[in-house]
Amino acid sequence: MIKKKETVAMLLAGGQGSRLHLLTERTAKPAVTFGGKYRIIDFPLSNCINSGIDTVGVLTQYQPLALNEYIGNGQPWDLDRTYGGVTLLPPYQMNKRADWYKGTANAIYQNLQFIDKFDPDYVVILSGDHIYKMDYADMISAHKHSGADCTIAVFDVPLAEASRFGIMTLGENNRVVEFTEKPKQPKSTKASMGVYVFDRAKLAAYLEADEADEKSEKDFGKNVIPAMLNAGEKLFAYEFKGYWKDVGTINSLWEANMDLLGERPVLTLRDKNWRMFSRNDAMPPHYVGSGAVINNSIITEGCEIYGTVINSVLSAGVCVERGAVVRDSVIFGNVTVESDAEVDYSVIDADTVVGKGAKVGAEMALAKGITLVGGGLCLPDGVTVPDGAICGADMIKELSGGKNK
Amino acid sequence: MNAVGILFSGINENSVHELTKERTMASVPFGCRYRLIDFTLSNLVNAGITHVGLITHYNYQSLMDHIGSGKDWDLARRRGGFHLLPPFVTAFTGSGAAQLWSTWLEALVGVRDFIYECKEDLFVLSDCDSVCNLDLDSMIRSHVESGAEVTLAVKTAYLTDGTRNLTVVASAPDGRITDMIDSLGMPGGYADVSLKLLVTGKRFITEAINAAISRGYRDLIKYIQLRTSEGGDCRVFRFDGYFARVSDLTEYYRCSMDLLDPDIRRSLFAVRNRPVLTKVRNSAPSTYINGSVVRNSLIADGCVIEGTVENSIIFRGVKIGKNTHVKNCILMQDTFTGSNVYLNCVVTDKNAVIRDGRVLSGHETLPFFIGKNGSV
């Protein structure tokens, strides 16, 4: 027997995140490292458990191995439950046909059975690509209070960026009057955060209707929400006033990491009442050697620092050898920066070795852009990776070929 | 692995009385994020042992809190897994007041029902207050291959005159134990010291328990000695890696500072396939503020560092204030130091608060100690 749950959360984690280039070549975007010891998906998952939601379906599709392994039985988030807990929901084969998830709405549609099992009153739709701390329980209570059929979380974005989001026009009591996905000429700065609370019956009805519509792109923002508005359903906005960042690009991912730095960081992960949970390897404390210089940085377990680290975020197991300098950079797990190498204004993916005396990127003020180095690579000693470059295995070949190595 | 682990918490409870006033030796914090029991427990788990009983003594609340269901060691199992065995004191004592166990053998008698129920053939018995990363798997294999009744781990160490609380093990070249002597009566010099870790079979344990009940034996070491004198095959297993057991606060201080040595750190934490596991606390990474200076120190997660830290061991959630200088110190979980503080050779227990401008100094030979929740 399955106990009824008031709320079930569905977390869309199948996105490729192609604008993160090499970082998502072999991992889904929600599994990308963030803030030293977290993955992006830790944020919605921790938000769920902190909001009292203990039943979460995670919809995976693109490169799910790392993500599946990371979520596992949900134990780090206290989501290993006898009733509910976390369930991974990959696309599957049906009696007569098989389908990939064709869009956000279709992904949920294909898993209506999962939702029905728990007989919930509300369904929360989340996405796995934002960094934010949010109490969904407060949003659900606003949803109940307004008697809405759907409540959409909104965040005020700068007008210049508004055309990247679903933009809403709000009427009285924050009722949604108009919703346009990625408008060329945005009419307001109220952007959808991709966090929805639905009345379950309404959700099921509109998903079924959307599925039947062959012209539909099977997307919440493009199809389902406009269809509900057209039919005169009650849609309300829930204004969120905390930190929220879409980390879909290398620049925004880098910025969000930098937001953790400083005496009073814009985004803090030390809030004991809103703890962020993550799956960690058992690593020893980090060691700082005698000649090390560390300024305005974040360092975590398993690191060994003998060189200089300035304005940077280091993940677990990073080694910065003597004479090496890491500045304005985000370094993922188990990267080694060998002696006298210099890393400037860069993002380096996990398990890469930066050879002795190598130079990655250029000083932030002068650089053309952030330099991105892929994972599991070996940068030969003394090479230079130009600023703004995207350095994968091909580029390494080219670089070492030039040096006859 | 066809073996079950039996751990004894709290034989040497009073040796570091500053740290064990409110906890057992097994749950004494060590090395920024660990408790002493983590090392022994990880040794068992890394050898593939998935069934562990922990016999507790006094003050085991903090120990229970640390281990919980055992899931951080992968010991939350339906079959086997972690079992907490509280001290056995019957309400119906035949004579005199109920006695808490004080030796391994007494403790084993108290948990004999647990032992009889174990389906495994081999038993690993160990105290849980030592720091080492030992290849228990090869010790168990050598026990099985030699066919010995008991295999006891030893390490060659230099003893000064009249060292307390150690058992010196004499053995023949083939590894057979010939004698076991209390270190107190020994002259100084090199000797093989018992690591209080042994492998044995179910039969031996059962016989020892029976002998304890029927003949009143109280000490497993004495019982092993008796067996050796009767021709029983008891052997040593030599361990030559890093090993530390703390006997007082100065020793605790010295062993903690050992971790600043890269070789020692490597031999404890960087052994392939033998990680040291501990309870996950989900602290955020540590933050270094502009102006911080850190040299030769080990630092756990969750710290905020604004001042200077040198040659120190900093536990989780410690705050080092502006213009504060911390030198040769061990600051435990959530210690708070204000600004313009100077600390040298200070050991603080959990949640200590050192307010602005305080100057405190101990010495390596006698560190200055601030107790749990203490404030200066």
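Every chain is numbered from 1 and lettered A, B, ... according to where its sequence line falls, protein lines coming before strand lines. Just the heavy atoms: all of them, side chains too, but no hydrogens, waters or symmetry mates, feed the values below.
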Counting heavy-atom pairs under 4.5 Å to chain B, which of Ala282(A), Pro284(A), Ala316(A) comes out on top? Pro284(A)
May I ask you to decide if Gly302(B)'s main-chain N or O and Arg270(A)'s side chain share a donor-acceptor pair within less than 3.5 Å? yes
Report which part of Asp80(A) has an atom under 4.5 Å of a heavy atom belonging to chain B: side chain, backbone, both, or neither. side chain
Whether over 12 other heavy atoms sit under 6.0 Å from Asp240(B) CG: no
So do Asp301(B) and Lys37(A) actually touch side chain to side chain, heavy atoms under 4.5 Å? yes
State, to 0.1 Å, how close Ala284(B) and Tyr38(A) come at their nearest heavy-atom pair, and which atoms those are. CA-OH, 3.3 Å
Chain A heavy atoms under 4.5 Å from Leu259(B): which part of the residue, side chain, backbone, both or neither? neither
Stepwise salt bridge (charged side-chain N to carboxylate O under 4.0 Å, His left out) check, Glu304(A) with Arg265(B): CA-CA 11 Å; Glu304(A) 302 249 332; Arg265(B) 218 164 48 239; 3.4 Å; yes
Answer yes or no: is there a donor N or O on one side and an acceptor on the other, between the side chain of Thr300(A) and the main chain of Ser286(B), under 3.5 Å? no
Which pair of heavy atoms, one from Pro285(B) and one from Gly35(A), lies closest together, and at what distance? CG-O, 3.4 Å
If you define the side chain from C-beta out and look only at heavy atoms, does anything of Pro285(A) sit under 4.5 Å from Ile299(B)? no
Distance, nearest 0.5 Å, that separates CD1 of Ile289(B) from CD1 of Ile294(A): 12.5 Å
In Å, rounded to the nearest 0.5 Å, how long is the span from OG1 of Thr278(B) to CG of Asn280(A)? 11.5 Å
Counting only heavy atoms not in Gln61(B), do more than 12 fall under 6.0 Å of its CD? no
Search all heavy atoms of Arg281(B) against all heavy atoms of Lys272(A) and return the closest pair with its distance. NH2-NZ, 4.0 Å
Interatomic distance, CE@Met276(A) vs OG@Ser283(B), rounded to 0.5 Å, equals 14.0 Å
For residues 305-337 of chain B against chain A, heavy atoms under 4.5 Å, the residues are Glu306(B), Lys322(B), Asp334(B)
Roughly how far, to the nearest 0.5 Å, is NZ of Lys71(B) from CG of Asn73(A)? 8.0 Å
List the steps and the verdict of side chain to side chain contact (heavy atoms under 4.5 Å, CB included) for Asn296(B) and Tyr287(A). CA-CA 7 Å; Asn296(B) 190 37; Tyr287(A) 176 75; 2.2 Å; yes
Most heavy-atom pairs under 4.5 angstrom with chain B, which of Ser297(A), Ala292(A), Pro265(A)? Ser297(A)
Output the option from Ala300(B), Cys303(B), Ser297(B) having the highest count of non-hydrogen pairs under 4.5 Å with chain A. Ser297(B)
Pick from Asn296(A), Asn295(A), Ile299(A): which one makes a side-chain contact (heavy atoms from CB on, under 4.5 Å) with Tyr288(B)? Ile299(A)
Under 4.5 Å from any heavy atom of chain A, what part of Val294(B) do you find: side chain, backbone, both or neither? both
Does any N or O in the side chain of Asn282(B) come within less than 3.5 Å of the main-chain N or O of Ser278(A), such that one atom is a donor and the other an acceptor? yes
